[in-house]
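Everything below concerns the one structure shown next.
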Protein chains: 2
Amino acid sequence: MDSKLLKDFYNRGDQIFLPHISVDCVIFGFHEDQLKVLLLKWRDGPWCLPGGFVKHDESVDDSAIRILQERTGLDNIYLQQFHTFGDPKREKGKKLPDTKSWINKRFISIGYYALVEFSKVNPQPDILSNECRWWDIDKVPALIYDHKLIMDKALESLRLDLNDHPVGYNLLPEKFTMPELQRLYETILDDELDRRNFQKRMLAIGILERLKERKTGGAHKAPFLYRFDKKKYARALKQGLKLGW
Amino acid sequence: MDSKLLKDFYNRGDQIFLPHISVDCVIFGFHEDQLKVLLLKWRDGPWCLPGGFVKHDESVDDSAIRILQERTGLDNIYLQQFHTFGDPKREKGKKLPDTKSWINKRFISIGYYALVEFSKVNPQPDILSNECRWWDIDKVPALIYDHKLIMDKALESLRLDLNDHPVGYNLLPEKFTMPELQRLYETILDDELDRRNFQKRMLAIGILERLKERKTGGAHKAPFLYRFDKKKYARALKQGLKLGW
DNA sequence: ATACTATTGTGTGTTTTTTACACATTGAAA
DNA sequence: TTTCAATGTGTAAAAAACACACAATAGTAT
């Protein structure tokens, strides 16, 4: 990354972006039975959440969409605003190279979480970072500022969302097995569920379609593959699901 | 209201407050079987939600607390941040007297809703308004900007909050009857509930205490008075209620 | 005073949902 | 071919939600 761009960003960012306002994204993925988050690493610095700023004539939602696009390469991401963090001390210890810059002022950050299909993501560092990769949710390293707090709040919101959104639709690949879906729920809820009752409940919602295929390759009996029935899914969502976990 | 204060507010507000950021509060109350919101009327203008701005070194939560205090005279209010509104066109039609002022810029607004005990509130207009009063939730007049949208979103959030918070505790006076509590739930949920099953369910939560007194005055059989048992209430809240409406 | 009315207090049986648990099946590995 | 560990399916018990009936009573009308 050349330093001209970076210098421009420090010096003229306030001509492009609203002051004092930032957007932070908690990007969730699911892979190999693990819930994961996408993190960035500052040049020679700590890890942090992917974030950005709001252009003067851009909606905050669009900012989040843009940031997501830049970090993952994906469009059409499932995105939820979950909380705004407004403590003046939330960036305690902030020290960026250019101390005069707009970027060293206090920021109020609007938090979004995103659900993405792990395999489709192509992680891209941003202008301030040189590394971008997935971390298991229970193994994330120390994060900058209050980003751990933001992540925890995102997870809590995701947990609540489980009550009226079949989040598997956004986190899993098109075809998946019942045990995979269950593991996803167990990770988010941080609890164990009975295999048979879980299956009954999921099928009772009536938005899953069982395929003829089975998932082979793993040891032991091969489980069936399922996929979301888009029509039934849309219909159910419109009527408002009541999952109740 | 003298115009010197107002002029100062227009001219020097940006020295006190963060630019582009506002806070709007949806204040809910309950009286005579009606859910109500507290609204302000602009001088010779439309009605709007009570709002304000964030001081440079103040947390956003504290701004909301301060605004609430100024409008209602109350401390220790139950307050929930529920959404941040960031559309650049959200203040369509904005035209305030001083067109050069910081206040005519785009604002991103952080929404809070508050639950208050109706009888304890002493409504106070703010610097921009000359009237402040309660409106029945289903009779609110046309509101400025996107304030109707904000109110609706607050109501939706309150409805969700019903699932893990006994909101009656914050909206009702210390002593209340079971029918009153039921009417509160029915208004928020916009649905009718069976009297007997409702009572069973509320009592099953185990945070209500039935008093010896009855509420007299109304026609017909006098209902018992109840009150929240603070110890059991705190205990239950810590464990996380699962009400499920 | 008395009867009336609308509302409260309480209980019971039915239906539905949730929970707990057992056994046969099967793909891969030993 | 046997073994292992995980999957597929069903059933009974417990709990929660739902529907509904009848007695009691504070004011109101007569």
Side-chain angles (χ1 to χ4, degrees), chain A residues 32-34 162-164 166 168 172 175-187 189-227 236 239-245, chain B residues 32-34 159 162-164 166 168 172-173 175-187 189-227 236 239-245:
Chain A
E32 289 177 344
D33 287 348
Q34 278 290 333
L162 225 46
N163 289 318
D164 30 36
L172 294 174
K175 298 174 185 177
F176 53 90
T177 68
M178 196 56 78
E180 281 168 354
L181 185 61
Q182 181 176 345
R183 227 94 4 98
L184 171 58
Y185 274 73
E186 289 179 331
T187 327
L189 293 169
D190 193 25
D191 199 5
E192 294 194 359
L193 303 170
D194 181 274
R195 188 168 59 85
R196 296 149 285 191
N197 295 331
F198 177 81
Q199 164 150 341
K200 257 179 292 183
R201 231 167 127 174
M202 288 309 295
L203 294 179
I205 300 171
I207 58 175
L208 289 184
E209 178 189 2
R210 189 169 91 176
L211 307 177
K212 294 241 159 53
E213 316 166 61
R214 289 161 179 267
K215 168 142 188 170
T216 60
H220 319 304
K221 186 171 183 177
F224 281 106
L225 286 167
Y226 290 81
R227 107 179 119 202
Q239 294 184 354
L241 296 188
K242 269 242 186 170
L243 290 321
W245 303 92
Chain B
E32 288 177 347
D33 288 348
Q34 279 289 335
R159 200 166 286 156
L162 224 47
N163 289 317
D164 31 35
L172 294 173
K175 299 174 185 179
F176 53 90
T177 68
M178 196 56 76
E180 282 169 352
L181 185 61
Q182 181 177 344
R183 227 92 9 96
L184 171 59
Y185 273 73
E186 288 179 331
T187 328
L189 293 169
D190 193 25
D191 199 4
E192 294 194 357
L193 303 170
D194 182 275
R195 187 169 62 83
R196 296 150 283 191
N197 296 331
F198 177 81
Q199 164 149 341
K200 256 179 290 184
R201 233 167 125 175
M202 289 308 296
L203 294 179
I205 300 171
I207 58 174
L208 289 183
E209 177 189 3
R210 189 168 92 176
L211 307 177
K212 295 242 159 53
E213 316 166 59
R214 289 160 180 267
K215 169 142 187 168
T216 60
H220 318 305
K221 185 170 183 177
F224 281 105
L225 286 167
Y226 290 81
R227 108 179 118 200
Q239 295 185 353
L241 296 190
K242 269 242 186 172
L243 290 322
W245 305 95

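Worth saying up front: this structure is predicted, and the values here are computed from it rather than measured. Protein chains get the first letters and strands the later ones, always in sequence-line order, with residue 1 at the start of each.
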Min side-chain heavy-atom separation A/Leu241-A/Pro166 under 4.5 Å:
yes
Using a heavy-atom cut-off of 4.0 Å to chain B, what are the terminal contacting nucleotides of DNA chain D, in 5' to 3' order?
D/dC18 to D/dG27
Contacting residues from residues 217-225 of chain B, given that a heavy atom lies under 4.0 angstrom of DNA chain D:
B/Gly217, B/Gly218, B/Ala219, B/His220, B/Lys221, B/Ala222
DNA chain C: 5'-proximal contact among A/Arg196 and A/Arg214 (nearest heavy atom):
A/Arg196
Using heavy atoms to find the nearest nucleotide of DNA chain D for B/Arg201 and A/Asn197 separately, return the residue whose nucleotide is more 5′.
A/Asn197
Comparing A/Tyr226 and B/Thr216 on DNA chain D - which has the more 5′ nearest nucleotide
A/Tyr226
Are A/Arg214 and A/Lys221 side-chain neighbours, meaning at least one heavy-atom pair lies under 4.5 Å?
yes
Give me the first and last nucleotide of DNA chain C, going 5' to 3', that has any atom under 4.0 Å from a heavy atom of chain B.
C/dT5 to C/dT12
Considering only heavy atoms from C-beta outward, does the side chain of A/Glu186 approach that of A/Phe198 to under 4.5 Å?
no
If you compare all heavy atoms of A/Leu193 against all heavy atoms of A/Tyr185, which two are closest, and at what distance to 0.1 Å?
CD1-CB, 4.1 Å
Roughly how far, to the nearest 0.5 Å, is NZ of B/Lys215 from CZ of B/Phe224?
15.0 Å
Does any part of the side chain of B/Leu243, heavy atoms only, come nearer than 4.5 Å to the side chain of B/Leu162, both counted from C-beta?
no
Main-chain N/O of B/Gln199 paired with B/Gln182 side-chain donor or acceptor, under 3.5 Å
no
With the side chain counted from C-beta on, respond yes when A/Leu181 and A/Leu208 share a heavy-atom pair under 4.5 Å apart, and no when they do not.
yes
Spatial distance of atom CZ (B/Arg183) from atom CE (B/Met178) [nearest 0.5 Å]:
12.0 Å
Taken to the nearest 0.5 Å, the spacing of B/Tyr226 OH from B/Leu203 CG works out to 5.0 Å
